[in-house]
Amino acid sequence: MKNRYLLPLLLIIAGCSSELPENELRPSSYPLVTIDPYTNAWSPADHLYDSATEHWTGKPFPLLGVVTVDGVDYRFMGVDSLYNQAATQLSAEVQAMNTYYSFAAGPIELSARFTAPLFMEDLDLLSRPVNYMSFSISSTDGAAHEVSILVGESPLWCVDSPEEPVWRNSYEKNGLSYQLVGTEQQNVLGKKGDDVRINWGYAYLTAPTSWNKADFRDYLAFRRDFGKVSEAADMVMVGYDDIYSIDYFGTWLRPWWNRDSFSSIEKQFEAASTDYQALLSCSEEFDKTLRKEAIKRGGVHYADLCAVAYRQAVTAHKLVQSPSGEVLWFSKENNSNGSIGTVDVTYPSAPLFLKYNPELAKGLLNHIFEYSESGRWTKPFPAHDVGTYPIANGQTYPYDMPVEEAGNMLILTGAVAILGGDRDYAAKHWETLSTWAEYLSQFGYNPDNQLCTDDFAGRLAHNVNLSAKAILALAAYGKTALLLGYKDIAKKYLAMAKDMAEKWQEEAFEEDHYLLTFDSPGTWSQKYNLAWDKVLNLNIFPDSVRKTELSYYLKVQNEYGLPLDSRKEYTKIDWILWSASMAKDPETFEALVEPVWRFENETPDRVPMGDWVWTDKPKWQAMKARSVVGGLFMPLL
């Protein structure tokens, strides 16, 4: 394996030596295994042994862990009637790539660590379908004790419904012990939708041969007998071979790690085993680096939120290669309608990928360009999506969002050029971008009755925030044209954006804020789209606009956050962070972020971080486990 990720990360280590405050946020659900939209496991409880682990959809996705000390069994993960006695959880902490637990089990302390090495600069590693579960024990009384650990994974990891019959196997190869399970039918790419789990391919539990296969009910299970020890450590690996990942306009695409069909799941596990110690070290240093940067930008509680959002945002995607060799970084619109490659889901998630690897930001856009440029999509604005996950054969959402999606694509392509330095990408798609820019020049300023990314709120005409998006999209197009040397085009569209922005300020202003719609006095809304004006250094709207809006937000926010607008008390947490990113002073930033932290810490709804929530009570409304929490990284741009 080419360890491209190790050198830059090891260079970072020097800046991470100082101790940082722990993440004291109690997340609504703890990430344990995070591989892709199908293979992920979460603990929805304060203690790892309080409930069964779950798939993001809420269906059982059981993992089991039991430590035996001097003949006494202590369950530390999951639930099972054979193991009634639980260890005592001492701590739990989530960082970007790692979740840590510690337990007291009689006279020993057990540490359990769940690691997903999601380093975005190395696509081979990012797509490797393997996570680690690491365990270490230490005596607390100074004496040696007989210790063993049992780890199990349920066959439910490979089925959509529990009634599906499964096939099992186990074997050893090159120093690793494998156990696997898959459905008997293997209907590859045979299901699509939202509340759906994969039922093709094979779930794996893999361990060094120091672990022994354990017969425990119908679980895949290993037991590690340490003997009489005062200290010991070992690990097991969880993985999934999905064989084929995406149906892309009739072509079945393998996962990125096996895009040329030259690899195998065994090679992936062998590489993961070889890289284990280095990846644990590098993932820990990545966590520290991100935490240090986030604290500097927005305080400890902002850093806490970034840590919880990171794996969720990444694992809601699948990485594949297009038939023409392009990166395709497909989102699944979890807990909504299951769309694949949704443009207005890409838009809020993009800050995370622009920060860590602009190639992935392009991977969020490539399928939309392909859809238009192939002639399959013929409208003068972008599609909403390219299908229903994992079938990407054309838009399945029944409604268009013309201004929304055109604005999204122009802004994000501009971001790739301006922030990512890739002018060639925009040049390659210039004709398509120009079509969309022309559409916005005609229909963007005062949008007619249509949906925007906040489609759950219904259609809205004369949407002021959507207008701001169109204005900034035209400015991004103009600035990109300038980078490409198209001076006349740049002059035209930058001037157009400036003129529209001046008109916007006059027509949308009301006393001490800007309206929800141009024709609705007494209303307001978050103008989160304005964040791009400074991120891309467009300078279309004066600072006074952002200052006015932020001052107003502090007057109308509730205990658990700033509402989306004046119509309801609900909000989107990604947009709050975009709004907060416009604050020039830390006091305003933290005042907007603190209620979001409080919501996540107190909500009784134990689901992977929800993004559509109420602000007057700590209740989740809908939309969990979604990629849009990548938007929490907007302040770091």
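The first residue in the sequence is number 1, and the count goes up from there.
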Backbone N or O of [Y] within a donor-acceptor pair of the [X] side chain at under 3.5 Å?
X    : Y    : answer
Q395 : Y397 : yes
N40  : W56  : yes
R311 : A116 : no
T571 : L562 : yes
D533 : N539 : yes

Does R459 qualify as a cation-pi partner of Y399, given the criterion of NZ or CZ under 6.0 Å from the six-membered ring centre and within 45 degrees of its axis?
yes
Can you say whether the rings of [X] and [Y] are parallel (under 30°), tilted (30 to 60°) or perpendicular (over 60°)?
X    : Y    : value
W532 : W578 : perpendicular
F443 : Y439 : tilted
F249 : Y371 : tilted
W504 : F541 : perpendicular

Distance check, rounded to the nearest 0.5 Å: [X] atom [atom1] versus [Y] atom [atom2]?
X    : Y    : atom1 : atom2 : answer
D344 : E405 : CG    : CD    : 4.5 Å
I35  : R128 : CD1   : CZ    : 11.5 Å
T183 : D160 : OG1   : CG    : 10.0 Å
S349 : L360 : OG    : CG    : 10.5 Å
T39  : F61  : OG1   : CZ    : 5.5 Å

Suppose we screen for side chain to side chain contact (heavy atoms under 4.5 Å, CB included). Which residues come up paired with [X], at least two apart in sequence or across chains?
X    : value
D565 : L516, S525, R567
S372 : W377, T432, W436
E359 : N357, K362, D422

Less than 4.5 Å apart, any side-chain heavy atom of [X] and any of [Y]?
X    : Y    : result
R197 : V159 : no
E600 : P27  : yes
L319 : L126 : yes
F509 : L515 : no
Y389 : K192 : no
F589 : V593 : yes
Y310 : L118 : yes

With sequence neighbours excluded, tell me which residues meet ring-ring contact (aromatic ring centres under 6.0 Å, His included) with Y425.
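With sequence neighbours excluded, Y425 shows a ring-ring contact (aromatic ring centres under 6.0 Å, His included) to F369, H429, given in chain and number order.
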Ring centroid separation for F456 and W612, is it under 6.0 angstrom?
yes
Can we call the ring centroids of W430 and Y486 under 6.0 Å apart?
yes
Indicate the atoms forming the closest heavy-atom contact of V596 with L305, along with that distance.
CG1-CD1, 4.0 Å
For W329 and L364 the tightest heavy-atom approach is O-CD2, 3.3 Å
Exceeds 12 heavy-atom contacts within 6.0 angstrom, atom [atom1] of [X]:
X    : atom1 : value
Q185 : CD    : no
E431 : CD    : no
K534 : NZ    : yes

Test item: side-chain donor near acceptor, [X] and [Y], under 3.5 Å:
X    : Y    : value
T523 : S566 : no
E507 : Y445 : yes
Y347 : N529 : yes
S245 : R254 : no
K617 : N558 : no
Y493 : D488 : no
D519 : T517 : yes
T435 : E438 : no
N366 : E370 : no
E333 : T342 : yes
N199 : E164 : yes
D242 : W200 : no
Q621 : W614 : yes
E510 : Y514 : no

Side-chain donor-acceptor pairs of residues 470-479 under 3.5 Å, sequence neighbours excluded:
from: Y477; atom 1: OH; to: S434; atom 2: OG; distance (Å): 2.7
from: K479; atom 1: NZ; to: L536; atom 2: O; distance (Å): 3.0
from: K479; atom 1: NZ; to: N537; atom 2: O; distance (Å): 3.1

Any Lys/Arg nitrogen of [X] or [Y] sitting under 4.0 Å from an Asp/Glu carboxylate oxygen of the other?
X    : Y    : value
E326 : K428 : yes
K59  : E54  : no
D400 : K379 : yes

Could you give me the CA-CA distance, side-chain angles and deciding distance for W524 and H513, then say whether ring-ring contact (aromatic ring centres under 6.0 Å, His included) is met?
CA-CA 7 Å; W524 62 271; H513 68 281; 7.8 Å; no
Name all pairs fulfilling the side-chain hydrogen bond (donor to acceptor under 3.5 Å, both in side chains) condition that reach into residues 624-637, sequence neighbours left out, sorted by first residue then second.
D611-R626
